Every structure is written in structure tokens, then in C-alpha cells.
Amino acid sequence: RGHAALFGEYTHAEYLSERCGGDPHAYHNEVGRWYPEGEIYRPDLLPVPSYVLRCVRAHRVAGPAALANLLDESFLGDGETSLRTQLRRELQPQCAPEKQGA
């Protein structure tokens with residue numbers, strides 16, 4: 001038998017309402033204690049590279065449509081930057097610095 005992870009999509013308010021029944025104490029016990037800033041979604045966080053690589057590999061096996069969906073329909077915490085856009089930014093070759101005295 002294998003293992004699987006399931007991820008759900010919630011806004012902070014939806015998570016509090018649907019997963020915790022609107023109870024702030026239940027929210028704190030379930031996830032809030034790890035988020036001292038308040039809300040569980042932050043616009044300044046970037047994806048963990050090793051996790052993104054695992055997701056890309058799994059979606060690639062599922063086929064081109066699944067991979068395109070992952071890249072184009074997964075967004076960073078800002079709600080605007082797609083995973084494809086972020087990966088392009090991260091993977092762009094950096095210009096080599098000019099050598100001194102050349």
C-alpha cells in the first residue's frame with residue numbers, strides 16, 4: 001500500500017468556517033498556532049522547490065494537459081503569479097559577471 005496527500009482549496013475565511021465550524025479555538029488548535037501572523041495564507045511565501053519538483057514530475061506522468069493545468073492554474077500567495085511564471089523567473093539563466101581587466 002502506498003501513501004497519498006490530499007490538498008483542498010480554501011480561503012482563510014472558508015477554512016475557518018468550513019473546516020473549523022467558525023470556532024476560533026478549533027482553528028487555533030488545528031492550524032492557527034503555527035501562523036502567529038493570523039491568516040494561513042501569506043502573499044510573501046514562495047513554494048518549496050523540492051515539493052514543486054515532486055508535483056511537476058507527478059503531473060508530467062499524468063500527461064501534458066495535467067502538467068499545463070498545474071503550471072497555469074496554481075498560483076503563488078499573491079493570487080496572481082502562476083507557477084509557470086514563477087518557475088520561468090527562477091530558471092532564467094543569470095548573466096555572468098564581466099571579468100575585470102578584460
Side-chain angles (χ1 to χ4, degrees):
R1 294 188 176 214
H3 294 83
L6 174 66
F7 297 90
E9 179 182 355
Y10 294 95
T11 65
H12 178 79
E14 289 169 340
Y15 191 92
L16 177 60
S17 172
E18 296 176 24
R19 293 292 307 251
C20 303
D23 180 358
H25 297 292
Y27 170 80
H28 176 77
N29 289 334
E30 190 170 321
V31 296
R33 59 187 163 175
W34 290 290
Y35 298 92
E37 300 291 322
E39 296 196 2
I40 57 176
Y41 300 107
R42 292 179 31 195
D44 61 325
L45 297 179
L46 296 174
V48 176
S50 60
Y51 174 73
V52 171
L53 181 58
R54 291 179 75 175
C55 291
V56 167
R57 285 178 175 161
H59 282 76
R60 185 180 63 195
V61 169
L67 180 57
N69 182 269
L70 171 73
L71 296 174
D72 297 327
E73 301 300 326
S74 298
F75 295 89
L76 301 187
D78 65 8
E80 297 177 11
T81 307
S82 71
L83 183 56
R84 184 185 300 273
T85 298
Q86 178 63 21
L87 291 175
R88 280 190 178 137
R89 287 179 187 160
E90 287 185 9
L91 299 174
Q92 283 182 348
Q94 300 297 317
C95 294
E98 292 185 28
K99 293 182 179 178
Q100 295 290 330

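Here the structure is a predicted model, which means the values were calculated and not measured.
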[atom2] on [Y] to [atom1] on [X], rounded to 0.5 Å:
X: Arg89; Y: Thr85; atom1: CZ; atom2: OG1; answer: 6.5 Å
X: Thr81; Y: Arg88; atom1: OG1; atom2: CZ; answer: 13.0 Å
X: Asp72; Y: Leu67; atom1: CG; atom2: CG; answer: 8.5 Å

Cluster link Val48 to Leu76, ILVMFWY, side chain under 4.5 Å: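 Hydrophobic grouping puts Val48 apart from Leu76.
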Check for me, please, whether Val52 and Leu70 land in the same ILVMFWY cluster - side-chain distances under 4.5 Å, paths through other members count.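 Result: yes, single cluster for both.
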Ser82 and Leu71, any side-chain heavy atoms less than 4.5 Å apart: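 No; the side chains remain at least 4.5 Å from each other.
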Below 4.5 Å, heavy atoms only, C-beta onward: do Arg19 and Val31 meet side chain to side chain?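 Counting from C-beta outward, Arg19 and Val31 never come under 4.5 Å.
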If you compare all heavy atoms of [X] against all heavy atoms of [Y], which two are closest, and at what distance to 0.1 Å?
X: His12; Y: Tyr27; value: CE1-OH, 3.1 Å
X: Ala26; Y: Cys20; value: CB-O, 4.0 Å
X: Ala66; Y: His59; value: O-CD2, 3.4 Å

Leu46 vs Gln86, side-chain contact (heavy atoms from CB on, under 4.5 Å): CA-CA, chis, key distance, verdict: CA-CA 9 Å; Leu46 296 174; Gln86 178 63 21; 3.9 Å; yes
Would you say the side-chain atoms of Ser17 pair up with the backbone N or O of Ala13, donor to acceptor, closer than 3.5 Å?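 No; judged by distance alone, with no hydrogens or angles, the pair does not exist.
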Keeping Arg33 on the side-chain end and Asn29 on the backbone end, is there a donor-acceptor pair under 3.5 Å?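 Between the backbone of Asn29 and the side chain of Arg33 there is a qualifying donor-acceptor contact (under 3.5 Å).
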